[in-house]
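For reference, the structure discussed in these notes is given below.
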Amino acid sequence: DVPPDSADALAASLRALDTAGLRITVARSAGGEPAAGLRSVELQLVGDDRKGIVSSLTRILAMRMVSIENMHTEIIISPGTGRRSFKVMAHLLVPAGLTNEQLHAELDGLASEMMLDVALGDRPRA
C-alpha cells in the first residue's frame, strides 16, 4: 500500500528485482473498499508467547471463510521481567453475515486455551 504518487517509483524498484531471479508481479487496485459481501475488521490478539498461536488462529479464520488482508506479529519482551508476549494485529475481510460477536465467540476457545486477549472492531474506511 503506497500513496498514488509513489506507486510508479515503487513498481519500478520492484521490477528491478527481476534480475535477481525473483518473479515480480505488480498490479494496481482500486483499493479502499472490500469486495461485495465482505467487510473490513481489525483484530488484535495479545498473550504469552507460545508455539501454535498463528496456526490455530488462521485455522479458525479459514473455517469461517475469513480472509487475512494483512497481518503483523511481534514478540514484546517486558523490560522488568523479561517475560515474552506475542502480539498479532491483522486486518481481516469477514463475510458480511458473520458479526464481530460471532467471530469473537469462535476465537474465545483459542483465547481461553492459550490465555490470550482478543479484540475485534470494524475497520474505519479510508
Side-chain angles (χ1 to χ4, degrees):
D1 226 0
V2 296
D5 59 335
S6 301
D8 290 334
L10 175 62
S13 295
L14 290 171
R15 286 188 183 106
L17 294 173
D18 278 338
T19 59
L22 297 174
R23 181 172 179 240
I24 307 294
T25 302
V26 178
R28 290 185 189 263
S29 67
E33 295 298 317
L38 298 174
R39 59 190 185 80
S40 294
V41 171
E42 292 182 351
L43 165 70
Q44 183 172 320
L45 182 146
V46 180
D48 288 341
D49 185 30
R50 62 189 313 174
K51 292 181 181 181
I53 294 173
V54 172
S55 174
S56 297
L57 172 65
T58 56
R59 182 179 36 77
I60 291 168
L61 295 176
M63 288 178 6
R64 295 301 297 208
M65 305 302 289
V66 174
S67 294
I68 300 170
E69 190 173 33
N70 65 57
M71 179 187 289
H72 172 79
T73 64
E74 65 181 300
I75 294 175
I76 302 162
I77 300 173
S78 173
T81 63
R83 184 175 149 213
R84 296 168 50 103
S85 295
F86 187 73
K87 182 176 182 180
V88 174
M89 293 178 54
H91 294 154
L92 308 175
L93 295 176
V94 177
L98 179 63
T99 68
N100 288 354
E101 291 77 19
Q102 291 169 321
L103 183 55
H104 200 287
E106 293 284 334
L107 296 172
D108 275 346
L110 174 66
S112 294
E113 176 187 333
M114 294 192 166
M115 298 177 54
L116 304 168
D117 292 323
V118 176
L120 288 170
D122 290 326
R123 190 169 162 210
R125 292 185 182 196

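Computed over heavy atoms, backbone and side chain alike; hydrogens, waters and symmetry mates excluded.
Checked by atom type and distance alone, the side chain of R59 never pairs as donor or acceptor with a backbone atom of V54 at under 3.5 Å.
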Requested in this report: Please assess R83 against D48 for the test salt bridge (charged side-chain N to carboxylate O under 4.0 Å, His left out), listing each intermediate value before the final yes or no.
Outcome: CA-CA 8 Å; R83 184 175 149 213; D48 288 341; 2.5 Å; yes

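For the pair D122 and S40, the minimum side-chain heavy-atom distance is 4.5 Å or more. D49 places none of its side-chain heavy atoms less than 4.5 Å from the side chain of S85.
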For a quick test of your reading: what N or O donor-acceptor pairs under 3.5 Å do the side chains of residues 70-79 make, sequence neighbours left out?
{"unit_1": "N70", "atom_1": "OD1", "unit_2": "H91", "atom_2": "ND1", "d": "3.4"}
{"unit_1": "N70", "atom_1": "ND2", "unit_2": "H91", "atom_2": "ND1", "d": "3.3"}
{"unit_1": "S78", "atom_1": "OG", "unit_2": "T81", "atom_2": "OG1", "d": "3.3"}

Which atom pairs, donor and acceptor, lie under 3.5 Å between side-chain atoms of residues 107-119 and protein residues at least two apart or in another chain?
{"unit_1": "D108", "atom_1": "OD1", "unit_2": "H104", "atom_2": "ND1", "d": "3.1"}
{"unit_1": "S112", "atom_1": "OG", "unit_2": "D108", "atom_2": "O", "d": "3.1"}

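M89 and V94 fall into different hydrophobic clusters, where Ile, Leu, Val, Met, Phe, Trp and Tyr are joined by side-chain heavy atoms under 4.5 Å apart, directly or via other members. Hydrophobic clustering places I53 together with L120 (ILVMFWY residues linked when any side-chain heavy atoms are closer than 4.5 Å, directly or through intermediates). Both I68 and V88 are assigned to one and the same hydrophobic cluster, defined by single-linkage of ILVMFWY side chains at heavy-atom distances under 4.5 Å.
Atom OG of S56 is separated from atom NZ of K51 by 13.5 Å, given to the nearest 0.5 angstrom. One finds the CG atom of L38 at 9.5 Å from the CE atom of M65 (value rounded to the nearest 0.5 Å). The distance from the CG atom of L61 to the CG atom of L43 is 7.0 Å, given to the nearest 0.5 Å. If you take CG on L103 and OG1 on T99, they are separated by 8.0 Å, rounding to the nearest 0.5 Å.
With sequence neighbours left out, D8 forms a side-chain contact (heavy atoms from CB on, under 4.5 Å) with R28.
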